[in-house]
Amino acid sequence: SDDKTSGTVTITFGPDGCTDSKGNVRKGTIVVTWEGGRWFREGATRAITLNNYSVNDIRIDGVRSLTNVSIGGTLTDFTVSWNVLANHELTWPDSRTGSRLVNLSKSWHHTSTEDTYTVNNGPSTLGDFAAAGSSRNGKVYSMTILSPLVFEASCVRQNKVFLPVTGVKELMNAETGRTVTVDFG
């Protein structure tokens, strides 16, 4: 729109695709739409739609949406929170498929000394999980965050690795009921 409260951006990788600096070939299009103003406005939404999109001939279809559910604080000490929903289908060159459903709540807390990012299960109205799906081998799984996953920007900058500094998540094989618990304590 003229006032930039809504719009669409389309990224096209061309018929032969584009090769990134690591040698990955991307093809297809990514369409980003937004409504409700800029990303930091409460109620603002973003949807990212993958159309015939692939990385190294692994096709990824689906939509990822982000909704700003709250913002508070001052310019030097604030918190922004979003709900993230995604539903993707992956298809490998040998025609095997997998799926991933994401249901997360994320927040960014900024202060003058540190930025922290907290990830938790999404709204319980959608289910008590953070992610679920199936592997290309047909294994059905779920991932539940038992204790919020907290990431610190200083650790990312220093170590060049995006891993939580605290939190607990549980992975479950739906067929066997076996679980693996990962504690980032």
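- Within the structure, every pair that satisfies the salt bridge (Lys or Arg N to Asp or Glu O under 4.0 Å) test and touches residues 79-98, not counting sequence neighbours, is listed here: D94-R96.
- When all heavy atoms of H88 and A86 are compared, the closest pair comes out as CE1-CB, 3.6 Å.
- Under the 4.0 Å criterion applied to side-chain N and carboxylate O atoms, D61 and R59 are assigned as salt-bridge partners.
- We find the CG-CG distance between N87 and L85 to be 9.5 Å, quoted to the nearest 0.5 Å.
- Side-chain contact, D115 with W108: a donor N or O sits under 3.5 Å from an acceptor N or O.
- Under the rule for a salt bridge (Lys or Arg N to Asp or Glu O under 4.0 Å), D183 has no partner lying at least two apart in sequence or in another chain.
- Pairs engaging residues 144-155 under the side chain to side chain donor-acceptor pair (under 3.5 Å) rule: E114-S154 [sequence neighbours left out].
- Between the SG atom of C18 and the CZ atom of F13 there is a distance of 6.5 Å, given to the nearest 0.5 Å.
- Separation of atoms CD1 (I11) and CG (N51) is listed at 11.5 Å; rounding is to 0.5 Å.
- By the rule that hydrophobic residues join a cluster once side-chain heavy atoms approach within less than 4.5 Å of another member, V182 and F129 end up as members of separate clusters.
- Minimum interatomic distance between E35 and R46 (heavy atoms only, all atoms of both residues): O-NH1, 4.0 Å.
- The minimum heavy-atom distance linking V165 with C155 is given by the pair CG1-SG, 3.7 Å.
- Nearest heavy-atom pair, R100 versus Y141, reported as atom, atom and distance to 0.1 Å: NH1-OH, 3.1 Å.
- In terms of heavy-atom proximity, W92 sits nearest to T97 at CZ3-C, 4.0 Å.
- Among V69, T79, V80, I71, the single residue meeting the side-chain contact (heavy atoms from CB on, under 4.5 Å) criterion with S107 is T79.
- Atoms CG and OG1, on D77 and T113 in that order, are 8.5 Å from each other to the nearest 0.5 Å.
- Within the structure, no pair that satisfies the salt bridge (Lys or Arg N to Asp or Glu O under 4.0 Å) test touches residues 161-175, not counting sequence neighbours.
- The shortest side-chain heavy-atom distance between F151 and T118 does not fall under the 4.5 Å cut-off.
- For T8, the side chain to side chain contact (heavy atoms under 4.5 Å, CB included) criterion is met by T10, V31, T33, not counting sequence neighbours.
- No donor-acceptor distance shorter than 3.5 angstrom exists from the side chain of N83 to the backbone of S105, with no hydrogens or angles considered.
- P93 is listed as a side-chain neighbour of I58, based on a closest heavy-atom distance under 4.5 Å.
- Counting only residues at least two apart or in different chains, side chain to side chain donor-acceptor pair (under 3.5 Å) contacts with residues 16-28 comprise D20-N24, D20-R26, N24-N56, R26-Y53.
- Side-chain atoms of N159 never come within 3.5 Å of backbone atoms of V161 as a donor-acceptor pair (strictly under, hydrogens ignored).
- I60 and I48 fall within a single hydrophobic cluster, where Ile, Leu, Val, Met, Phe, Trp and Tyr side chains are chained together by heavy-atom contacts under 4.5 Å.
- Looking at S135, its side chain does come within 3.5 Å of a backbone N or O of K139 through a donor-acceptor pair.
- Both F184 and V119 belong to a single network of hydrophobic side chains, linked directly or stepwise wherever heavy atoms of I, L, V, M, F, W or Y lie under 4.5 Å apart.
- Between L171 and T181, the closest side-chain pair of non-hydrogen atoms is not below 4.5 Å.
- Connection of Y117 to L104 is established within a shared hydrophobic cluster, with ILVMFWY side chains joined at heavy-atom distances below 4.5 Å, either directly or through further cluster members.
- If you chain together hydrophobic residues whose side chains sit under 4.5 Å apart, V63 and W34 never meet in one group.
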Checklist entry - After noting the C-alpha distance and the side-chain angles of N173 and T176, does the key distance pass the side chain to side chain contact (heavy atoms under 4.5 Å, CB included) rule? => result CA-CA 6 Å; N173 179 319; T176 65; 3.4 Å; yes
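- Taking CG from L66 and CH2 from W82, the interatomic distance works out to 8.0 Å, rounded to the nearest 0.5 Å.
- Between the CG atom in L75 and the OG atom in S112 there is a gap of 12.5 Å [rounded to 0.5 Å].
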